[in-house]
Amino acid sequence: MPTKDELAERISTKVIGEYSKLKAVCRPVTRPTGIGEWTILAGVAAINRDASADNIKVLSIATGVKALPDSELQRSRGKLLHDCHAEILALRGANTVFLNHIKDWDLKNVDDLIESNNEIPPKFKLKEKWELALYISKLPCGDASMDFLNDNCKSDDDFLEIDDDDIFQYVNPNVKTILRGRLNFGKKSVVRTKPGRYDSNITLSKSCSDKLLMRQSSSILNSLNSALFAQPVFLRYIVIPNLDKKTRHALEQSFHSRLPFCSHQFEFLNCHTPFYDDKNDENSVPSLMCSTKLFINDSTIEEAILNGMKNGFYTKSSKPLRKNCESHLSRFAQWELFTQIRPEYKDTSYLQFKAQQTERNQLIISIKAALSPDGWIPTKTDDVK
Ligand SMILES: [Zn+2]
């Protein structure tokens, strides 16, 4: 039986190993000016809990540090990825992987990842032997990493000092429990939007700390998989390089005390091997390119993603989107998979379907109310039909 440290090391080695095999376009480059780029890597891995931790199956990996401004979502119709931070993409990727496994479900050809019950139509669950880990090459943005900004991003222009009574820190001054990016960075246990430049259009996507915390309580399944699975799927571990006493304490404070009554608290594991395309140089800049690779049975899907869509499909925001611009991780692509599995929803829109998930919606409303008692600020409505 490997120790937790050995397990973490094996998970990180696997995820970084898959990253190294990505096409060059999916990875940071040195720009013509000589300036290097950096990115964040994340991956979801299934670990066989029966002792042999050599049996680690990577489900999805992703890189990225970008999120779309809310104003860009106008033309999306489910096709644009709002949030391209690596850990969020990796979790979206795992959901696309689950949808593909269910679509290809065949009782005769036994699936190694999931199994079904006897209901008609069948409901699924992750096989008992698997438990899930999320590897992230850096502390998640938002609440859990606010103490470490000096080390991480002192050159970013959004790292501003601000007083407690300055309304500039709020997206909406009536909602004082949601702050913009890293403003008023000393404030703890508040929801934050994704960090970004304050002179550009705002993104309303919430920080990775907030989103991961919500998934700690509500499961990592999206609304589509929640309807297909008989029970929720939780992450057991989050693996991060170079955790020390201070960073581990900050993570535990943020993830174990902001929400009450969570029976599936993440266990944080430390790995030693750093991610080689992290920010190693003061002058390097974040990569604009994001990427994802999905591992579905014996096949893989690899995509470079720019501005929330597949690389090479970009059009100016005043123009309509191009055909087939959507990533396999997009709401559009996931809804297409779902309606192949459940054709009875073909005439329903994604948001109409989501509105019917009453139990899940109640849970998410209660989590949001606990995290931001002043109210929630949603991103722009983005439906698919
Ligand atoms: Zn993030």
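The basis for the numbers below is simple: all heavy atoms, side chains too, and nothing from hydrogens, waters or symmetry mates. Remember, it's 1-based here, ligands and their atoms both numbered in the order they're listed. Starting from 1, each residue takes its place in the sequence as its number.
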For Lys385, all residues meeting side-chain hydrogen bond (donor to acceptor under 3.5 Å, both in side chains), sequence neighbours excluded: none
The Zn ion (ligand 1) neighbourhood, protein N/O/S only, threshold under 2.8 Å: His85 ND1, Cys141 SG, Cys208 SG
In the structure I gave you, are the side-chain heavy atoms of Glu267 and Lys4 within less than 4.5 Å of one another anywhere? yes
Lys/Arg-Asp/Glu bridge criterion (N-O < 4.0 Å) met for [X], [Y]:
X      : Y      : value
Arg258 : Asp210 : yes
Lys129 : Asp112 : yes
Lys188 : Asp147 : yes

Looking at Phe268 versus Phe255, is the centre-to-centre ring distance below 6.0 Å? yes
